[in-house]
Protein chains: 2
Amino acid sequence: MRLLIYRYMAGRDAAMALSDIENAFTKVDRTTLYRTLKTFEEKGVVHQIEDGTGISKYALCEPGCNCSIEQDLHLHFHCSNCGETVCLTEHKIPQINLPEGYLAEDVNLVVTGLCEKCST
Amino acid sequence: MRLLIYRYMAGRDAAMALSDIENAFTKVDRTTLYRTLKTFEEKGVVHQIEDGTGISKYALCEPGCNCSIEQDLHLHFHCSNCGETVCLTEHKIPQINLPEGYLAEDVNLVVTGLCEKCST
DNA sequence: CTTAAAAATGCACTTCCATTGCATTGCTCA
DNA sequence: TGAGCAATGCAATGGAAGTGCATTTTTAAG
């Protein structure tokens with residue numbers, strides 16, 4: 001089952017909500033998905049994305065995606081037209097300067113707008 | 001009532017969830033808050049913040065906060081210890097380069113970590 | 001000042017998603 | 001083979017966003 005989920009995610013290039021995967025498999029339970037994705041996340045197989053819609057999305061980590069390492073984070077793009085969220089893995093987040101006393105652990109950068117397909 | 005809400009928000013320096021304000025006033029209804037904040041947001045009085053917790057936060061716009069203008073967005077800091085989210089208004093978001101065909105409308109940058117108070 | 005219209009507020013309800021408890025199934029290894 | 005653990009499924013819970021409708025308050029016109 002986990003293999004099926006993994007393969008499904010590998011075949012898609014946009015980030016998926018839990019319900020997206022749920023609809024793709026009629027025979028799998030939401031709880032299984034939820035826990036599978038949680039396990040995947042802990043093992044560094046997927047990373048969770050908050051794109052501002054309030055719905056958690058998940059995407060497979062690319063070979064070079066060291067999402068556990070703070071300085072190697074990529075940005076995410078959310079299309080306001082088609083609703084898809086994609087990882088722009090080649091676009092790294094620039095170094096952020098914080099005020100004195102602040103300690104960064106994680107950086108999340110989401111750009112909203114029109115994607116490749118919807119901007120034309 | 002809207003004045004009371006405004007004054008309450010002006011007296012706090014961290015972003016507030018709807019439930020935070022609800023707890024501060026025993027006599028106001030959630031719906032009123034919800035719609036008041038929505039109105040405030042439309043009028044440019046407050047801006048909504050998604051700090052990754054999945055709960056929408058709201059903060060008053062500072063005098064120089066032109067949050068409707070794309071290039072003048074500031075970043076937000078979410079403390080993983082105390083849970084507070086603050087606006088770092090003096091820290092502007094750097095220009096982001098997007099791939100060909102992508103059109104940016106909005107940028108959201110949230111840094112998670114330890115805040116001033118919790119890092120010591 | 002009176003009254004009608006518009007705006008603001010409150011109550012109840014719905015929906016959606018995340019999360020958890022518990023029972024059941026399936027797998028692994030001694 | 002059989003005990004133990006991991007994985008799965010079902011059902012229920014909880015929190016937050018959002019909406020329809022009735023009521024109160026404010027505004028403005030006459």
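Both backbone and side-chain heavy atoms feed into the values below; hydrogens, waters and symmetry mates do not. Quick note on labels: first sequence line is chain A, next is B, and so on, each numbered from 1.
Neither OP1 nor OP2 of C:dA18 sits under 4.0 Å from any side-chain N or O of A:Tyr34. Regarding contacts with the backbone of D:dT8, a side-chain N or O of A:Arg2 is found under 4.0 angstrom from either OP1 or OP2. Distances shorter than 4.0 Å separate none of the side-chain N or O atoms of B:Thr31 from OP1 or OP2 on D:dG18. Dashed line: the shortest gap from a side-chain N or O of A:Thr32 to OP1 or OP2 of D:dA7 is not under 4.0 Å.
At whole-Å resolution of the value, CG in A:Asn23 and C1' in C:dC16 are 13 Å apart. Atom-to-atom, CD of B:Glu42 to P of C:dA7 comes out at 13 Å; the value is rounded to the nearest Å. Summarising the geometry, the separation between CG on A:Leu4 and P on D:dA7 is reported as 15 Å, rounded to the nearest angstrom. To the nearest angstrom, P of D:dT25 lies 17 Å from CG of B:Leu3. Going from atom CG of B:Asp29 over to atom P of D:dT23 covers 16 Å, rounded to whole Å. Following rounding to the nearest Å, B:Ile49 (CD1) and D:dA16 (P) show an atom-to-atom distance of 17 Å. As rounded to whole Å, 16 Å separates atom C1' of D:dG18 from atom CD1 of B:Ile55. Taking atom CG of B:Leu37 as the reference point, atom P of D:dG18 lies 12 Å away to the nearest angstrom.
Applying side-chain contact (heavy atoms from CB on, under 4.5 Å) to B:Met1 and the options B:Thr36, B:Leu33, B:Thr32 leaves one that passes, B:Thr32.
In this structure, A:Tyr58 OH and A:Met16 CE are separated by 11.5 Å, a value rounded to the nearest 0.5 Å.
Considering only the side chain of A:Thr36, D:dT8 comes nearest among C:dT19, D:dG9, D:dT8.
Heavy-atom distances to DNA chain C give each of B:Met1 and B:Arg30 a nearest nucleotide, and the one nearer the 5′ end belongs to B:Met1.
Using modelled atom types, one side-chain atom of A:Asp20 and one backbone atom of A:Ala17 make a donor-acceptor pair closer than 3.5 Å.
Among the protein residues, A:Ser19 comes within range of no part of the nucleic acid, since none of its heavy atoms lies under 4.0 Å from any strand.
Taking 4.0 Å as the cut-off between side-chain N and carboxylate O, B:Arg12 and B:Glu84 count as a salt-bridged pair. Salt-bridge formation is not detected for the pair A:Lys57/A:Glu50: no Lys NZ or Arg NE/NH1/NH2 atom is positioned less than 4.0 Å from an Asp or Glu carboxylate oxygen.
Looking at B:Arg35, its side chain comes within 3.5 Å of the base of C:dG10 through a donor and an acceptor atom.
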